[in-house]
Amino acid sequence: QVQLVESGGGLVQAGGSLRLSCAASGRTLSVYAMGWFRQAPGKEREFVAAVSWSGGNTYYADSVKGRFTISRDNAKKTVYLQMNSLKPEDTAVYYCAADRGSRWYVPVRPDEYDYWGQGTQVTVSS
């Protein structure tokens, strides 16, 4: 089993920055990729960014590309999401996810991930 603990959410004004962290524990040796998703009230959960654990390959949603940066620290078993130039439409609950599958690509669909954090609220005011 893999446990994920998220931190870093909060309230920020438009144009500001936040950094989310997700620390993995448990049987993390099998983790292939980690990603971030977000869900606003009344909307579906959407992909934000993902990174392969070993190779560091990344993929971003078009809505955040150029503003957000995903990174990982293998030694700390932690993935980060640096969010810059935040917009009100970025307001959502952000979820960290881990994929234990053996893949040749960075997964972007929620059903491709096996473990999820509890979510952390990010609110961007205008």
Side-chain angles (χ1 to χ4, degrees):
Q1 296 294 314
V2 175
Q3 296 80 43
L4 305 176
V5 180
E6 302 160 326
S7 63
L11 175 64
V12 65
Q13 290 190 343
S17 300
L18 284 174
R19 186 178 70 171
L20 306 183
S21 299
C22 177
S25 61
R27 299 184 180 275
T28 58
L29 189 62
S30 62
V31 172
Y32 166 74
M34 296 185 69
W36 290 96
F37 293 77
R38 66 187 183 186
Q39 187 168 22
K43 295 185 178 181
E44 296 181 348
R45 186 169 299 186
E46 67 172 341
F47 171 78
V48 176
V51 60
S52 61
W53 195 249
S54 180
N57 299 318
T58 60
Y59 186 81
Y60 298 92
D62 290 340
S63 60
V64 306
K65 192 173 184 178
R67 299 187 298 121
F68 292 8
T69 302
I70 188 170
S71 61
R72 83 272 194 264
D73 186 325
N74 293 46
K76 296 182 179 180
K77 299 179 180 179
T78 300
V79 64
Y80 305 93
L81 184 68
Q82 179 66 46
M83 305 185 294
N84 298 325
S85 301
L86 283 163
K87 305 174 181 179
E89 51 263 43
D90 294 318
T91 296
V93 176
Y94 283 70
Y95 296 92
C96 174
D99 172 28
R100 64 175 173 84
S102 181
R103 308 182 191 276
W104 294 7
Y105 60 95
V106 178
V108 300
R109 301 194 306 273
D111 59 12
E112 293 180 302
Y113 288 83
D114 301 288
Y115 306 99
W116 294 85
Q118 295 299 307
T120 183
Q121 178 70 47
V122 172
T123 302
V124 184
S125 64
S126 60

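Numbering starts at 1 and runs along the sequence shown.
Pairs engaging residues 75-111 under the ring-ring contact (aromatic ring centres under 6.0 Å, His included) rule: none recorded [sequence neighbours left out]. The salt bridge (Lys or Arg N to Asp or Glu O under 4.0 Å) pairs that include a residue from residues 5-23 number zero, where partners must be two or more places apart or lie in different chains. Each ring-ring contact (aromatic ring centres under 6.0 Å, His included) pair with one or both residues in residues 49-76, not counting sequence neighbours, appears once here: Phe47-Tyr59. Pairs engaging residues 77-126 under the disulfide (SG to SG under 2.5 Å) rule: Cys22-Cys96 [sequence neighbours left out].
Residues satisfying the side chain to side chain contact (heavy atoms under 4.5 Å, CB included) criterion with Glu44, sequence neighbours excluded, are absent altogether. Annotation: salt bridge (charged side-chain N to carboxylate O under 4.0 Å, His left out) contacts of Asp111 (sequence neighbours excluded): Arg109. In terms of the ring pair (Phe, Tyr, Trp, His ring centres under 6.0 Å) criterion, residue partners of Tyr113 (sequence neighbours excluded) are, by chain and number, Phe37. With sequence neighbours left out, Thr78 forms a side-chain hydrogen bond (donor to acceptor under 3.5 Å, both in side chains) with no residue at all. For Ser63, the side chain to side chain contact (heavy atoms under 4.5 Å, CB included) criterion is met by Arg38, Ala61, not counting sequence neighbours. Applying the side chain to side chain contact (heavy atoms under 4.5 Å, CB included) test to Thr123 and every residue at least two apart in sequence or in another chain returns Leu11, Thr91, Gln121. For Ser85, the side chain to side chain contact (heavy atoms under 4.5 Å, CB included) criterion is met by Arg67, not counting sequence neighbours. In this view, Ser17 and Asn84 satisfy the side-chain hydrogen bond (donor to acceptor under 3.5 Å, both in side chains) rule, not counting sequence neighbours.
Hydrophobic clustering (side-chain heavy atoms under 4.5 Å, transitive across Ile, Leu, Val, Met, Phe, Trp, Tyr) groups Val122 together with Leu81. Both Val12 and Leu20 are assigned to one and the same hydrophobic cluster, defined by single-linkage of ILVMFWY side chains at heavy-atom distances under 4.5 Å.
Heavy-atom contacts from other residues, nucleotides or ligands closer than 6.0 Å to CZ of Arg45 number more than 12.
Residues Val106 and Thr58 form no side-chain contact, since every pair of their non-hydrogen atoms from C-beta on lies 4.5 Å or further apart. Residues Asp99 and Val31 have side chains not in contact (no heavy-atom distance under 4.5 Å, counting atoms from C-beta outward). Counting only heavy atoms from C-beta outward, the side chains of Met83 and Trp36 never approach each other to under 4.5 Å.
Nearest approach of Lys43 to Gln39, heavy atoms of both residues: O-NE2, 3.0 Å. For the pair Leu4 and Ala24, the tightest heavy-atom approach, listed with the atom from each and the gap, is CD2-CB, 3.7 Å. Closest approach of Ala40 and Ala92 over heavy atoms only: N-CB, 3.9 Å.
Interatomic distance, Ser71 OG to Met34 CE, rounded to the nearest 0.5 Å: 11.0 Å.
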